[in-house]
Student: 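If you scroll down you'll find the structure; I have some questions about it.
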Amino acid sequence: MNAFNDTLSRVLYIDVKNKKFWVTERKDLFDKYIGGAGVAIKLLQEECPSGADPLSPENPIIFAVGPLVGAFPLASKTVAMFKSPHTGDLGESHAGGRSAVAIRLAGYGAIVIKNASDMPIYVAIHGNKVFFRDATTLWGMGSSLTAARVMREREIGTGYRSIMRIGKAGENMVSYASVTVETYRHFGRLGLGAVFGSKKLKGIIISGKQTLQVTNKKTYKDLYDRIYKEAVNSQVMKKYHDIGTPINILNLNNLEALPTRNLKQATFEYAEKISGENIAQNYLGKRVACAHCPTACIHLANLREQYSDSPYFYKTTFVGYDFELLYALGSMLGIEKPEDIFMLIEEVEKFCMDAMSSGVVLAWATEMFEKKLITENETDGLNPEWNNTKTYIAMLSKIVNPPNAFYKAMAKGVSHAAEIYGGKEFALAFNKNEMPGYHTGPAAHLGFLIGARHSHLCNAGYSLDQSLLLTQDVAPETIIDKLIDEEAFRQILSSIVVCFFARGIYNLDLISQLLATMNINYNTDDLKRIGKEIHAEKYRFKCREGFSFDKLEIPGRLFETPEPTQKINKEFMRAALNYAKEKIKCQ
Amino acid sequence: MSKLSVIDNKRCVGCQSCMFACSRRDGNAGLSNSCIGVKSASGIEGDLTVVVCRACADPPCAKVCPTNALIPKKGGGVRLQKTKCIGCKLCQQTCVIDAVFWNKEENKPVICIQCGYCVGYCPHQVIKLLK
């Protein structure tokens with residue numbers, strides 16, 4: 001192929017200390033590892049020195065997109081990689097919004113942020129130009145929405161730009177602070193927001209809308225139409241656009257697998273109230289989409305709140321909700337009313353902190369207080385109790401601005417706090433990352449423990465629990481083999497980079513055809529091999545930074561609260577982990 | 001002639017499928033050749049606006065073109081004669097609804113020809129080709 005021009009292999013390096021930027025051609029990486037997660041892990045290995053303090057200038061931030069972004073529908077995600085201040089090993093987080101398309105069409109396959117600024121700044125990337133803007137006045141603002149509005153009003157690119165920003169949680173380096181994109185999407189979980197904060201980087205705005213060349217125009221259009229039709233008409237995507245992921249509240253509750261009140265129970269008596277069905281019917285205000293995704297899975301609820309000082313004074317806000325939020329800030333805290341969950345979501349959004357980790361940390365603190373293992377001395381005069389939204393809102397604020405050592409500990413996650421204050425057996429975290437909302441059986445929890453992504457902690461485990469373990473006895477080794485195979489496949493999805501919701505559409509054969517239109521030639525065997533290599537490279541980084549299978553702790557609560565398969569026991573879990581250790585091998 | 005019209009911008013989810021479709025007419029991917037725009041009025045939390053050329057009967061963009069590169073069409077709208085265009089952007093500045101888009105790679109405007117290709121890719125019936 002002569003003169004096929006693609007800007008994917010251009011990596012934009014930004015040094016926020018010296019306010020410098022440059023572009024390096026990295027065809028070597030993109031040819032071997034496709035893009036997205038594959039390229040990001042190699043860049044992270046290159047840029048992050050062994051043993052680096054995650055909140056020091058040494059820790060880089062890597063963003064990477066893939067070849068299909070900007071070309072095909074549902075290829076809408078950006079992969080972020082960094083050393084996580086929350087777990088101390090691999091930080092990987094994915095977000096959509098307009099970020100991926102904006103990075104790709106600005107002419108880059110990856111962005112590397114190096115060093116730390118001595119003053120608050122935000123970075124504006126418009127095509128080939130990078131600007132360092134003074135963000136002193138934005139630092140410390142109560143709501144991240146206001147900071148985003150300022151950036152929006154001052155910068156070009158309306159309609160095709162992405163705005164990433166942190167809130168006070170990131171500025172104050174809460175270890176599970178997130179970076180918010182386009183108000184409703186997040187680089188969540190592992191503390192990318194804190195890494196932004198440590199660099200005094202308030203945000204990044206990026207815009208671009210270049211052409212992407214294809215090898216054969218007709219084939220390209222035909223393949224595009226095939227995916228578009230599947231995305232819009234098929235049952236595969238239906239569950240994401242109709243009720244959305246919150247459909248799982250009732251599904252899991254019926255299975256008796258919905259973590260409730262710090263997993264003291266796996267059913268919630270108010271599940272109907274906080275269900276996706278009820279919320280869609282009574283609160284759904286509108287739906288929005290990520291760039292280049294016709295699915296529009298982002299569900300926004302209408303929250304109407306009355307001001308306490310006036311009977312005829314209200315405010316109305318759109319609040320984004322998903323299954324994981326309804327679990328973490330709902331059932332996990334025993335919250336009975338959707339409005340109360342929305343108020344908690346609004347609060348974590350304002351500060352830009354991870355909703356799942358926040359909910360689990362609050363749930364642990366509630367149980368600690370209930371068991372009198374902590375008192376008002378630790379809680380700074382508050383009485384945490386299930387379903388007490390007001391107290392939880394006050395506590396979130398104290399986590400972000402800690403008045404004492406207890407809240408400082410909570411700002412570093414539930415494992416850290418439990419290490420100091422006790423209650424480890426009900427501190428629900430896996431390798432220090434707070435649990436997601438699936439108590440479906442051993443496969444889900446094993447997936448959380450050994451997943452190489454550690455972002456949503458999402459993995460194939462909960463479906464294995466339901467499709468296999470619910471009805472038959474399966475050896476722990478088989479579960480691990482299946483989890484690792486699925487993980488390797490997902491490395492391909494996160495390298496091209498498509499949304500995991502589209503995994504039912506993007507099979508290896510189709511991916512191979514799509515890549516060919518972008519002048520990248522891999523057959524399905526090549527793809528499988530690359531998926532495994534990327535998985536191994538992630539583990540290489542994790543192990544280098546101290547991850548060890550032997551150090552993995554399983555919260556005792558998992559063995560106490562029954563789950564649907566009734567197959568969780570210590571022997572099964574340990575046998576599985578020993579096998580995983582053999583199979584993955586930390587080098 | 002048919003005209004591209006926004007039927008209900010409140011149904012728009014901001015997926016940009018129309019923008020990508022418009023750019024894909026010539027067979028390439030990306031967005032540089034798109035002349036339909038979706039933008040938020042005040043962030044994603046606000047309403048989305050869909051910007052399409054209204055095919056004015058007496059097009060202001062054509063009136064300001066110093067080289068007559070924009071030729072008014074019967075029934076409204078303009079046709080761009082690329083070889084005449086000097087890339088001065090006067091047409092873009094004149095259009096009060098920002099419906100003259102810009103292809104930076106060519107340094108020329110992108111002008112809607114009311115073909116309706118985008119309509120086939122709107123999953124929520126926001127836009128329509130009206131007679």
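Every chain is numbered from 1 and lettered A, B, ... according to where its sequence line falls, protein lines coming before strand lines.
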Student: With respect to B:V52, which candidate in B:V126, B:I97, B:I36 satisfies the side chain to side chain contact (heavy atoms under 4.5 Å, CB included) definition?
Tutor: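 Going through B:V126, B:I97, B:I36 one by one, the side chain to side chain contact (heavy atoms under 4.5 Å, CB included) with B:V52 is satisfied by B:I36 alone.
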Student: Select one option (side chain, backbone, both, neither) describing which atoms of A:L145 are under 4.5 Å from chain B's heavy atoms.
Tutor: side chain
Student: Is it possible for you to check whether A:K221 lies under 6.0 Å from the centre of the six-membered ring of A:Y228, through NZ or CZ, and within 45° of that ring's axis?
Tutor: no
Student: For A:T211, which atoms come within 4.5 Å of any heavy atom of chain B: side chain, backbone, both, or neither?
Tutor: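 For A:T211, the contact with chain B is made by backbone and side chain together.
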Student: Are A:Y283 and A:Y321 close enough that their ring centers fall under 6.0 Å?
Tutor: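 They do not qualify: ring centres at least 6.0 Å apart.
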Student: For chain B, find which of A:R104, A:R287, A:M518, A:Q210 contributes the most heavy-atom pairs closer than 4.5 angstrom.
Tutor: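 Ranked by heavy-atom pairs under 4.5 Å with chain B, first place is A:Q210.
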Student: In the structure I gave you, are the side-chain heavy atoms of A:S76 and A:V69 within less than 4.5 Å of one another anywhere?
Tutor: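 No, their side chains stay 4.5 Å or more apart.
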Student: Please confirm whether A:K209 makes a cation-pi placement over A:Y160, using NZ or CZ under 6.0 Å from the six-membered ring centre and within 45° of the ring normal.
Tutor: yes
Student: Looking only at heavy atoms and a cut-off of under 4.5 Å, which of A:A296, A:C290, A:P294, A:A148 has the most pairs with chain B?
Tutor: A:P294
Student: Answer with side chain, backbone, both or neither: which region of A:P73 has an atom nearer than 4.5 Å to a non-hydrogen atom of chain B?
Tutor: neither
Student: Taking A:E153, A:R98, A:R149 one by one, which has the highest count of heavy-atom pairs under 4.5 Å against chain B?
Tutor: A:R98
Student: Less than 4.5 Å to any heavy atom of chain B: does that hold for the side chain of A:R152, its backbone, both, or neither?
Tutor: side chain
Student: If you take the centroid of each ring, where Trp contributes its six-membered ring, are A:Y220 and A:F72 closer together than 6.0 Å?
Tutor: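 Close enough - the centres of the two rings lie under 6.0 Å apart.
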Student: With a 4.5 angstrom heavy-atom cut-off, is it the side chain or the backbone of A:K218 that approaches chain B, or both, or neither?
Tutor: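 A:K218 has no heavy atom closer than 4.5 Å to chain B.
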Student: For chain A, which residues from residues 22-33 of chain B lie under 4.5 Å away (heavy-atom distances)?
Tutor: B:R24, B:R25, B:D26, B:G27, B:N28, B:A29, B:G30, B:L31, B:S32
Student: For A:R161, which atoms come within 4.5 Å of any heavy atom of chain B: side chain, backbone, both, or neither?
Tutor: neither
Student: Evaluate the side chain to side chain donor-acceptor pair (under 3.5 Å) criterion for residues A:T245 and A:D322: first the C-alpha distance (whole Å), next the side-chain angles of each, then the deciding distance (0.1 Å), finally the verdict.
Tutor: CA-CA 6 Å; A:T245 57; A:D322 259 308; 2.5 Å; yes
Student: Do you know which of B:S34, B:S17, B:C12, B:G37 has the most heavy-atom pairs under 4.5 Å to chain A?
Tutor: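 Of the candidates given, the most pairs with chain A belong to B:S17.
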Student: Using 30° and 60° as the class limits, which term best fits the ring planes of A:Y240 and A:F501: parallel, tilted or perpendicular?
Tutor: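 Aromatic pair A:Y240/A:F501 classed parallel.
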Student: Looking at A:K315 and A:E305, is there a salt bridge between them, counting it only when a charged N and a carboxylate O are closer than 4.0 Å?
Tutor: yes
Student: Under a 4.5 Å heavy-atom cut-off, does chain B meet the side chain of A:V101, its backbone, both or neither?
Tutor: side chain
Student: Within 45° of the axis and under 6.0 Å from the centre of the six-membered ring of B:W102, does NZ or CZ of B:K89 qualify?
Tutor: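 Checked: cation-pi criterion met.
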Student: Strictly below 4.0 Å, N to O, side chains only: are A:R185 and A:E182 in salt-bridge contact?
Tutor: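 Salt bridge between A:R185 and A:E182, a charged N being under 4.0 Å from a carboxylate O: no.
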